[in-house]
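A short worksheet on the structure shown next.
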There are 2 protein chains.
Amino acid sequence: MAMVTSPHSLLLQNSNRQLLKNPTTKPFNAFPLTSTRTTYTTTPKRISITCAATTHVQDRPPTPAQSQDRVFNFAAGPAILPENVLRKAQSELYDWRGSGMSVMEMSHRGKEFLSIIQKAESDLRALLEIPAEYDVLFLQGGATTQFAAIPLNLCNADDPVDYLVTGSWGDKALKEAQKFSKPKVIWSGKSEKYTKIPAFEALEQNPDAKYLHICANETIHGVEFKNYPTPKNQTGLLIADMSSNFCSKPVDISKFGLIYAGAQKNVGPSGVTIVIIRKDLIGNAREITPVMLDYKIHAENKSLYNTPPCFGIYMCGLVFEDLLEQGGLKEVEKKNQKKAEILYNAIDESKGFYRCPVEKSVRSLMNVPFTLEKSDLEAEFVKEAAKEKMVQLKGHRSVGGMRASIYNAMPLAGVEKLVAFMKDFQARHA
Amino acid sequence: MAMVTSPHSLLLQNSNRQLLKNPTTKPFNAFPLTSTRTTYTTTPKRISITCAATTHVQDRPPTPAQSQDRVFNFAAGPAILPENVLRKAQSELYDWRGSGMSVMEMSHRGKEFLSIIQKAESDLRALLEIPAEYDVLFLQGGATTQFAAIPLNLCNADDPVDYLVTGSWGDKALKEAQKFSKPKVIWSGKSEKYTKIPAFEALEQNPDAKYLHICANETIHGVEFKNYPTPKNQTGLLIADMSSNFCSKPVDISKFGLIYAGAQKNVGPSGVTIVIIRKDLIGNAREITPVMLDYKIHAENKSLYNTPPCFGIYMCGLVFEDLLEQGGLKEVEKKNQKKAEILYNAIDESKGFYRCPVEKSVRSLMNVPFTLEKSDLEAEFVKEAAKEKMVQLKGHRSVGGMRASIYNAMPLAGVEKLVAFMKDFQARHA
């Protein structure tokens, strides 16, 4: 760890134009924590201001100058990717390491791509300390395809299975499982608008269930498991959709029979789904399982039964490399905790101007939903933030309000800027 | 059309090293058609030779200097992509058109990505003149997922369906359909090692069949339909896997109920599957259909039910744009015919040194399988070609020999270079 000064430039052309149109609006100071308070003029001239926010960050190369063109993208997924990963991908897009071709052009059975997918798997195994008795699969079709693949591979049509439903995604997994098994909802947070996770002891698990399914982090509702229930079913199997908190913190893989995650939150672009499955669970797919949903086919063929999403896997590999270079998931978790703390504190200390509906003990480090007391200001909040290059802050269409997704790749500076903006917005609208 | 001189540089460092090791090997002249015959020395110095091959090509900007670093990639898929498309993708990978983010970071519901997917669809519709009564879907999971989706959406478990099997891919489609329907093989080329397509009149189609399925181009065996059978089944439905000749020539879409294609041959990277389906066929998926295989879900949600493979769709869009700029599929087909003609002629005029097993009338314009009379030289052929930067010429592991895939993006210069190499190789080994 080193004390470094991270400069951050802010171009104010748009906001100044706004100020001209609406001279009663107070100017927004993106960095009120800086020692020198800059007062903005309302001339439409393009001004660049610099703020020196002193923060603890890892030893990393300084942010390149071009990053001033970047927005802070708070989208829930596809989502922000690490700047250095994008730079690397750009530099080798046309010619991957002297191969004379792009990764997108490589035969998935050629030595070049094999080296890419093998390194991606190996780095992921290192990151999550995946035990040898687990297979790692790089698949297509998103978590939604896994909603079907799981019952099709792990139980029969009449088998009971347990679903703990803590948000929209857990509910979607349940609904798909109803086609292929007899799922029982052992707990649902729906009546409380998905703001809680129950005490595990109180759960009435079905001893005959073939597995217990959870969604480890609910992207829409911002509810995250901080620890995991012990399955009391006959198989002892716990299964988790980790799409939106995958690789955001260390996880004891051995507690799970199967973990699955769409890549497009923390580890890559959309189009790649990662499945980590205990080997003894493989090989029991029902006859009516489409071949592309059969784990055995993919495990036996090392994810190369058909053409995999090669470029997406390559991008995931670059992200895994980056996470390892950051010091692994313990370090990554610390950064995520820090970012979340700043943001939740800003909400909780706003005297009700901002509200996060989620119970404090289960608030997500990744997806922070919040509302405004004056809900008619929410559209204005989102609009003004976008002008300040903080985009995709609108809440999911099913719940409204705002949501800031602050995945691994969101820099601390992005959260700091958001918090500064929130305080300024409140000052202007309280 | 313009007469242009397309310079092509060849770096011979490796091959010269090879010559030093084996001084009896005759030097390979990559471009025997040029007026000036260059005699190579055997010094290990890096030499760059230039060849001016005069050919008819479309009016396009000259190939950039960097293309000398490119290999000619004859892979069957993922495959070569247009150089200018890769350059464009590279230039905007980090910041897509001033949006401040990469396409890989964009919310699939944001205005930026919506503009990308809508333009991709619109350009594809223009290219293939897709009638309004067809939906275009951008999906995941490759053609292999469609092998299951088709029977699951278009018939019931006990329904008869007809499969015309002209190669490995048609056979794979058949095997998957056996899980979900009662397919009948109305003709198979297996006993003749998949080198033919039957006369359509002679086919005994089942009048009760729910559809007739063909694979329009067999990637492994190099067999391509030049016209299409008229379905004589009760629904009049013809369905085609066009993965390896999609957008390589104009197609009368109205002859088909459904066309599907993995993108990774002619139109993009792997991870995107395009389905063109007549709207009246949508909405009949069986209850046991995984939601991600239900065409209705994808059609109703304009391919955005779950997170689509955004970057892959973007790449397809760039390719569609490029194909339109080339003058559309009629022009593209002419180029493909020219390339294929040169290569098949070289094989047929080799007096048996090279052999293509496929019946002339159904030879693929995309995938050209060939063998050597002296089969023990095949490994040497592939190895020497790779040294000359012509890669992935080894035939599919299931059939052996060689295969040159010459998709849309393979430049004429690549085929010319291959043919020149073939002649030289023959001269040295006849």
Side-chain angles (χ1 to χ4, degrees), chain A residues 66 69-71 73 75-81 86-87 89-90 93-95 98-102 104-108 110 113 140-145 147-149 152 176 179-180 262 264 268-272 287-293 305-312 315 389 391-392, chain B residues 66 69-71 73 75-81 86-87 89-90 93-95 98-102 104-108 110 113 140-145 147-149 152 176 179-180 262 264 268-272 287-293 305-312 315 389 391-392:
Chain A
Q66 290 90 328
D69 298 331
R70 296 264 292 168
V71 294
N73 176 8
I80 190 168
L81 287 166
L86 288 174
R87 291 279 186 202
Q90 182 173 42
L93 182 134
Y94 177 74
D95 180 4
S99 65
M101 57 181 126
S102 172
M104 285 184 264
E105 303 178 294
M106 289 175 183
S107 167
H108 55 300
F113 182 71
Q140 294 185 63
T144 307
T145 299
F147 295 167
L152 280 167
E176 185 73 352
K179 287 183 195 165
F180 308 107
Q264 71 274 13
S270 60
V272 181
E287 272 188 33
I288 58 150
T289 309
V291 65
M292 287 295 287
L293 274 67
Y305 170 71
N306 77 328
T307 318
C310 299
F311 190 77
M315 288 298 302
K389 294 194 173 186
V391 302
Q392 294 291 340
Chain B
Q66 291 91 325
D69 298 331
R70 294 266 290 168
V71 294
N73 176 8
I80 189 168
L81 287 167
L86 289 174
R87 291 279 185 203
Q90 182 173 43
L93 183 134
Y94 176 75
D95 180 3
S99 65
M101 59 181 122
S102 171
M104 286 184 265
E105 303 178 294
M106 289 175 184
S107 166
H108 55 299
F113 182 72
Q140 295 184 62
T144 307
T145 299
F147 295 166
L152 280 167
E176 185 73 353
K179 286 183 195 165
F180 308 107
Q264 71 273 15
S270 60
V272 182
E287 272 188 34
I288 57 150
T289 308
V291 65
M292 287 295 288
L293 275 66
Y305 171 70
N306 76 329
T307 317
C310 299
F311 190 76
M315 287 298 300
K389 295 194 172 185
V391 303
Q392 294 291 339

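Note on naming: letters A, B, ... go to the chains in the order of the sequence lines (proteins, then strands), and numbering restarts at 1 for each one.
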Next on the checklist: Do A/Met101 and B/Val391 have side chains that approach each other closer than 4.5 Å (heavy atoms only, starting at C-beta)?
Outcome noted: yes
Checklist entry - Could you give the distance from OH (A/Tyr94) to CZ (B/Arg70), rounded to the nearest 0.5 Å? => result 5.0 Å
Item to check | Donor-acceptor contact below 3.5 Å, side chain B/Gln140 vs main chain A/Gln140 | outcome: no
Checklist entry - Heavy atoms, side chains only, cut-off 4.5 Å: are A/Pro290 and B/Phe180 in contact? => result yes
Checklist outcome for this item: Tightest non-hydrogen contact, residues B/Ser99 and A/Val71, listed as O-CG1, 3.6 Å
Next on the checklist: For the OG atom of A/Ser102 and the CD1 atom of B/Ile80, what is their distance to the nearest 0.5 Å?
Outcome noted: 11.0 Å
Item to check | Proximity breakdown for B/Met106 and chain A, heavy-atom pairs closer than 4.5 Å | outcome: backbone
Checklist entry - side chain to side chain donor-acceptor pair (under 3.5 Å) with B/Glu176: which residues, sequence neighbours excluded? => result B/Lys179
Checklist outcome for this item: Given A/Gly142, A/Ala79, A/Gly268, the one with more heavy-atom pairs under 4.5 angstrom with chain B than any other is A/Ala79
Next on the checklist: At a heavy-atom distance under 4.5 Å, which candidate from A/Val291, A/Leu293, A/Asn306, A/Val272 has the highest pair count against chain B?
Outcome noted: A/Val291
Checklist entry - Atom CG of B/Asp95 and atom CD of A/Gln90: how far apart are they, to the nearest 0.5 Å? => result 9.0 Å
Checklist outcome for this item: Closest heavy-atom pair, B/Tyr305 versus A/Thr144, reported as atoms and distance to 0.1 Å, is CE2-CG2, 3.9 Å
Item to check | Partner set under side chain to side chain donor-acceptor pair (under 3.5 Å) for B/Thr145, not counting sequence neighbours | outcome: none
Item to check | Winner by heavy-atom pair count (cut-off under 4.5 Å) against chain B, out of A/Pro309, A/Gly312, A/Ala148 | outcome: A/Pro309
Checklist outcome for this item: Most heavy-atom pairs under 4.5 Å with chain B, out of A/Gln264, A/Glu105, A/His108, belong to A/Glu105
Checklist entry - When rounded to the nearest 0.5 angstrom, what is the spacing between CE in A/Met104 and CZ in B/Phe311? => result 4.5 Å
Checklist entry - Would a distance-only check, ignoring hydrogens and angles, find a side-chain to backbone donor-acceptor pair under 3.5 Å from A/Ser270 to B/Cys310? => result yes
